[in-house]
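Beneath this line is the structure, given in structure tokens, with notes to follow.
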Amino acid sequence: MNKVAIIDYGMGNLRSVAKAIEHVAADTQVVVTADPADVRAADRVVFPGQGAMPDCMRELDARGLRPAVLEAARNKPFLGICIGQQMLFEHSQEGDVPGLCVFKGEVRRFPDDRMVGADGARLKVPHMGWNEVWQKRPHPLWANIPDGARFYYVHSYYVDPADPAIVAATTDYGIPFTGAVAQANIFAVQFHPEKSAEAGLQLLSNFMSWKP
Amino acid sequence: MLAKRIIPCLDVNAGRVVKGVNFVELRDAGDPVEVARRYDEQGADEITFLDITASSDDRNIILHVVEQVAEQVFIPLTVGGGVRCVDDVRRLLNAGADKVSMNTAAVNNPQLVADAAGKVGSQCIVVAIDAKQVAPGKWEVFTHGGRNRTGLDAIEWAQKVASLGAGEILLTSMDRDGTKNGFDLGLTRAVSDAISIPVIASGGVGNLDHLADGVTLGRADAVLAASIFHFGDHTVREAKELMRARGIEVRL
């Protein structure tokens with residue numbers, strides 16, 4: 001039995017992530033949990049996040065989950081989603097808060113002065129909808145997902161890693177930005193695989209069988 | 001490039017889809033899960049449920065509908081209708097909605113937009129605006145299906161709710177709704193150009209070119225339609241193929 005813990009620190013609905021994983025992975029126990037013991041007992045960990053990063057950091061610490069998250073990020077298959085990706089970095093412009101410092105780099109807001117499309121029209125922020133994800137290097141989580149497949153994004157901030165080697169995918173929206181990062185046992189995405197139809201389900205399925 | 005979105009809208013009354021959905025081979029046209037799944041298969045980018053349940057006794061039924069759909073359909077779901085307070089927003093999100101839209105409640109209490117966005121994030125908050133033209137280049141916000149005027153200018157109201165923290169605007173022309181004459185492109189463009197958050201155009205779609213016009217001429221970020229898809233006239237895929245042929249970026 002494959003046991004996956006979805007870390008619940010009170011920021012947003014985690015039901016969709018849980019249901020999507022149950023949908024793709026048979027013989028899997030999915031626990032949505034705020035208990036560090038559950039996180040430690042799991043074979044793999046999903047670290048989601050919604051809303052604003054300052055609130056997410058505060059709630060994570062209020063529940064005493066930081067040590068368990070950092071431990072999981074060191075030693076088991078770990079999937080960060082949306083703010084769960086952003087929180088892995090050193091610092092966010094959103095609310096000027098420090099992150100978990102798993103990766104070096106800054107979380108930045110889309111620059112207003114660059115938000116112009118090819119047709120001259122203004123690009124809206126939040127970046128909301130289905131955009132192309134360009135794979136920057138091979139990775140087991142990209143298995144059976146075409147390069148340039150569309151995933152569902154909804155965000156106003158994006159990660160800017162100090163080390164370009166961890167960039168696993170980019171997406172263009174006014175500027176090219178990092179859509180996914182990967183290093184060792186960690187894979188983290190800005191988009192929402194649980195809301196990205198077939199491509200997203202494939203990525204979750206790949207994560208559930210990943211042996212980093 | 002970011003794709004323009006096509007969003008089928010379903011009216012739900014006491015847990016059943018109404019407005020005569022007419023898919024071929026659908027066992028039960030009133031089952032929201034089946035209808036949502038069918039739109040997902042056609043390539044819908046999101047699905048919007050409008051809860052039109054009148055009786056307050058039946059209001060919680062929509063939560064079960066959302067739960068069931070979210071277990072089986074893995075694209076974004078927006079739910080609106082009867083949202084009055086932050087707790088209503090939270091309940092719908094916890095049931096599996098990704099976004100919640102509010103209309104009258106926001107007009108009555110604009111602070112609700114700020115409170116809700118502060119609690120759950122702007123990305124979950126859609127403000128629905130029903131507008132009617134009152135003079136050339138001027139539109140007023142109405143509530144209660146176009147019956148009650150509010151005195152609010154539609155463009156100014158859109159700017160205000162955007163500044164309060166709305167993540168998206170669902171903009172319906174009450175002049176066009178149900179006419180099949182196409183979106184009010186002047187309204188759509190005026191609002192879209194005035195704000196920096198995405199705008200969904202709604203009201204009046206009678207053919208697939210109307211959807212494309214909403215994007216190219218109205219500068220909408222997404223287009224919403226109900227009857228054109230419900231009655232089996234067109235599929236979402238056909239709509240996307242036409243939009244692509246007209247040079248619009250879509251997810252196909």
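Only this structure's heavy atoms are used, side chains among them; waters, hydrogens and symmetry mates stay out. Here is the naming used below: chain letters follow the sequence lines, and residue numbers restart at 1 for every chain.
Ranking A:Thr171, A:Asp172, A:Val125, A:Leu123 against chain B, the residue ahead of the rest is A:Val125, based on heavy-atom pairs under 4.5 Å. Comparing B:Met1, B:Arg219, B:Arg5, B:Glu249 by heavy-atom pairs within less than 4.5 Å of chain A, the highest count is held by B:Met1. The residue among A:Lys124, A:Glu22, A:His127 with the most heavy atom pairs within less than 4.5 Å of chain B is A:Lys124. Top candidate by heavy-atom pairs under 4.5 Å with chain A, chosen from B:Asp40, B:Ile197, B:Val250, is B:Ile197. Of the listed residues B:Glu46, B:Gln72, B:Lys4, B:Arg90, the one with more heavy-atom pairs under 4.5 angstrom with chain A than any other is B:Glu46. With chain A as the partner, the residue from B:Ala97, B:Gly96, B:Gly43 showing the most heavy-atom pairs under 4.5 Å is B:Gly96. Most heavy-atom pairs under 4.5 Å with chain A, from the set B:Ala3, B:Pro76, B:Ala70: that is B:Pro76.
Using a distance-only test at 3.5 Å, with no hydrogens or angles considered, no donor-acceptor pair links the side chain of A:Trp130 to the main chain of B:Leu2. With hydrogens and angles ignored, the 3.5 Å screen pairs no side-chain donor or acceptor of A:Lys19 with any backbone N or O of B:Glu71.
Nearest heavy atoms, A:Arg122 versus B:Ser196: NH1-CB, 3.4 Å. Scanning both residues, A:Pro126 and B:Pro198, for their nearest heavy atoms gives O-CG, 3.8 Å.
For residues 189-204 of chain A, a heavy-atom distance under 4.5 Å to chain B picks out A:Glu194, A:Lys195, A:Ser196, A:Ala197, A:Leu201, given by residue number. Contacts between residues 148-158 of chain A and chain B, defined by a heavy-atom separation under 4.5 Å, are made by A:Arg150, A:Tyr152, A:Val154. Of residues 183-195 of chain B, those residues with a non-hydrogen atom less than 4.5 Å from any non-hydrogen atom of chain A are, in numerical order, B:Ser192, B:Asp193, B:Ala194, B:Ile195.
If you measure heavy-atom distances from A:Asp55 to chain B, the contacts under 4.5 Å come from the side chain alone. At a 4.5 Å heavy-atom cutoff, the contact between B:Asp221 and chain A is made by side-chain atoms alone. In this structure, chain B has no heavy atom under 4.5 Å from any part of A:Ala52.
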* Take B:Lys99 and A:Met128 through the test side chain to side chain contact (heavy atoms under 4.5 Å, CB included) and record every step on the way to the result. => CA-CA 12 Å; B:Lys99 301 185 249 185; A:Met128 186 185 288; 3.3 Å; yes
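The shortest side-chain heavy-atom distance between B:Arg251 and A:Glu132 does not fall under the 4.5 Å cut-off.
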List the atom pairs, with distances to 0.1 Å, where a side-chain N or O of residues 116-127 of chain B and a protein N or O form a donor-acceptor pair under 3.5 Å, not counting sequence neighbours.
unit_1   : atom_1 : unit_2   : atom_2 : d
B:Ser122 : OG     : B:Gly165 : O      : 2.6
B:Gln123 : NE2    : B:Val120 : O      : 3.3

